[in-house]
Structure formats: C-alpha cells, structure tokens
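Below is one structure, written out as structure tokens; comments come after it.
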Amino acid sequence: PDQLDYAIPSGMREHLDFQEQSLLFTANQLVNDEWSFGARYRLSQATLDDDFVDVPTDLPPFAFIDFQPRNHTEGLLHQVSLYTIYNHPCGFFGEADANWYSQDNKGYMPTLSGDIFWQVNAFLGYRFPRRKAEVAVGVLNIGDQDYRLNPLNIYNELPRERTLVFRLRLSF
C-alpha cells in the first residue's frame with residue numbers, strides 16, 4: 001500500500017509572541033467606621049502572533065484541514081468590579097461585590113465570539129479581635145451565570161456555577 005507523508009504540527013518549529021497591556025483604575029472610599037465602597041475598572045488587550053516558521057507563506061490555503069501557518073489573534077477584555085463592605089464594631093461583617101466582564105476577540109478562524117456577563121458574590125463573617133482570625137461563609141456567582149471567556153486575556157478563574165464557600169483566615 002502507498003504511504004502518505006503527513007506533516008505533524010507538533011514537529012514543526014513554531015514561534016509565539018504574546019503581549020498583554022493593561023490599564024487599571026481603582027477608587028475606594030471609607031464612608032465611616034462601618035461602611036466602605038469601591039470600584040475598579042481594568043482594560044486588558046492581549047495579542048498572540050503564532051508563526052510556523054518552516055511553512056512557506058506562498059502555499060495555497062489548506063482546504064481539507066483547519067490549519068493556518070500564520071495567525072494574529074487579539075482579545076480585548078473590560079472588567080468592572082463594584083463592592084461594598086459593612087463592618088460592625090463587635091466583629092461581624094458583610095460584603096457584596098458585582099463583577100462585569102465584556103470581551104471581544106479578533107483574528108480567529110473560525111470566529112471566536114466574546115462574552116458579556118455579570119457575577120455577584122456575597123459573604124457574611126466574623127473577625128476576631130485584632131484581626132488575628134476571620135471566619136466567613138459566602139456564595140459566589142449568586143446568579144448561576146456561566147461564561148465563555150477566551151483565555152488569551154489573563155483573568156482570575158471564576159466559578160461557572162453558584163458556589164458555596166467557607167473561609168478561614170489566620171494572621172500571626
């Protein structure tokens with residue numbers, strides 16, 4: 001039988017160039033001894049140039065496989081975080097935050113759509129005197145909102161469904 005020679009992409013030299021630029025604005029306000037509020041905006045633009053250097057640029061398009069020897073992809077991620085914290089003098093506290101994400105992607109074949117969504121989190125807890133310890137219980141992603149963010153942009157991993165959290169912090 002005739003044997004066909006296949007190019008194995010993992011065996012070809014590949015040059016990757018990744019860059020991410022971010023801009024961050026933060027505003028926090030302590031209203032009195034018990035209440036604080038804050039807002040944060042982060043804009044992140046990530047680019048990835050993916051070049052299989054051994055593949056000539058004048059080859060006809062590969063109609064039978066999904067392979068592009070030269071790719072330039074981009075992700076633009078907007079993040080807005082709003083929070084409020086209530087601290088009672090006896091040590092009990094509550095906090096809530098709302099986080100908005102919006103992402104646009106360019107250069108993907110096939111097209112990779114972005115996503116726009118909110119996630120809301122809430123905690124109730126107790127801080128021991130001199131803040132040596134803290135216990136809290138919370139719910140992450142209260143709205144049970146799944147998401148489809150492109151990992152080209154760097155962001156903290158988010159829960160994909162409603163999640164119950166118990167937290168213990170110790171300070172020495």
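For the atom pair L82 CG and W118 CH2, the distance stands at 5.5 Å (nearest 0.5 Å). Rounding to the nearest 0.5 Å places CG of L16 at 9.5 Å from CG of D49. Here L158 contributes atom CG and L149 contributes atom CG; the two are 6.5 Å apart, rounded to the nearest 0.5 Å. Here the NZ atom belonging to K106 is positioned 13.5 Å from the CG atom belonging to N150, to the nearest 0.5 angstrom.
By the 30° and 60° cut-offs, the orientation of the rings of W35 relative to Y86 is tilted. In this structure, F117 and Y101 have parallel ring planes: the angle between them is below the 30° cut-off, well short of the 60° mark.
Across N121, N99, D97, N28, a single residue satisfies side chain to side chain donor-acceptor pair (under 3.5 Å) together with Y83, and that is N28. Checking each of F123, F128, Y126 against F92 for a ring-ring contact (aromatic ring centres under 6.0 Å, His included) leaves exactly one that passes, namely Y126.
The two residues R148 and D115 make their nearest non-hydrogen contact at N-OD2, 2.6 Å. Closest heavy-atom contact between R162 and D144: N-OD1, 2.9 Å. Nearest heavy atom pair, residue L30 against residue S36, reads CD1-CB, 4.0 Å. When all heavy atoms are compared, the tightest approach of A98 to V120 is CB-CG2, 4.2 Å.
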Under 3.5 Å, which donor-acceptor pairs link side chains of residues 165-172 to any protein atom two or more places apart or in another chain?
residue, atom, partner, partner atom, Å
R167, NE, E134, OE2, 3.3
R167, NH2, E134, OE2, 3.1

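In terms of hydrophobic clustering, with Ile, Leu, Val, Met, Phe, Trp and Tyr side chains grouped at heavy-atom distances under 4.5 Å, I154 and L43 are assigned to different clusters. Clustering ILVMFWY residues whenever any of their side-chain heavy atoms sit less than 4.5 angstrom apart, transitively, puts F25 in the very cluster that holds V80. Taken together through direct or relayed side-chain contacts under 4.5 Å among Ile, Leu, Val, Met, Phe, Trp and Tyr, Y108 and F18 form part of one hydrophobic cluster.
Atom CG of N32 is surrounded by more than 12 heavy atoms from other residues, nucleotides or ligands within 6.0 Å.
Residues E14 and D50 are in side-chain contact: their nearest non-hydrogen atoms beyond the backbone lie under 4.5 Å apart. When side chains are defined from C-beta on, Q119 counts as touching P159, because their heavy atoms get closer than 4.5 Å. Within the 4.5 Å cutoff, side-chain heavy atoms of Y155 are placed close to those of L77. Side chains of H72 and T47 form a contact here, defined as non-hydrogen atoms less than 4.5 Å apart. Two residues are said to be in side-chain contact when any heavy atoms from C-beta on lie closer than 4.5 Å; T73 and L152 meet this criterion. I116 has its side chain within reach of W100: a pair of non-hydrogen atoms, C-beta onward, lies under 4.5 Å apart. Side chains of Q21 and S44 form no contact here, defined as non-hydrogen atoms less than 4.5 Å apart.
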- request: Tell me, with the steps shown, if N105 and E74 meet side-chain hydrogen bond (donor to acceptor under 3.5 Å, both in side chains).
  value: CA-CA 6 Å; N105 300 303; E74 297 180 22; over 6 Å; no
- prompt: Is there a side-chain hydrogen bond (donor to acceptor under 3.5 Å, both in side chains) between E20 and Q45 once you walk through the steps?
  reply: CA-CA 6 Å; E20 184 169 27; Q45 169 133 20; over 6 Å; no
field: R160 and D146: CA distance, side-chain angles, deciding distance, salt bridge (Lys or Arg N to Asp or Glu O under 4.0 Å) verdict
entry: CA-CA 5 Å; R160 295 191 174 275; D146 194 7; 3.1 Å; yes
- request: Would you please test L24 and Y41 for side chain to side chain contact (heavy atoms under 4.5 Å, CB included) and show each step?
  value: CA-CA 6 Å; L24 177 68; Y41 172 74; over 6 Å; no
message: L164 vs V137, test: side chain to side chain contact (heavy atoms under 4.5 Å, CB included). Steps then yes/no.
response: CA-CA 7 Å; L164 182 63; V137 62; 3.9 Å; yes
Verdict with supporting geometry, F93 and R127, side chain to side chain contact (heavy atoms under 4.5 Å, CB included): CA-CA 8 Å; F93 69 92; R127 288 190 186 96; 3.6 Å; yes
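In this view, R40 satisfies the side chain to side chain donor-acceptor pair (under 3.5 Å) rule with no residue, not counting sequence neighbours.
Remark: the backbone N or O of G75 is paired with a side-chain donor or acceptor of N153 at under 3.5 angstrom.
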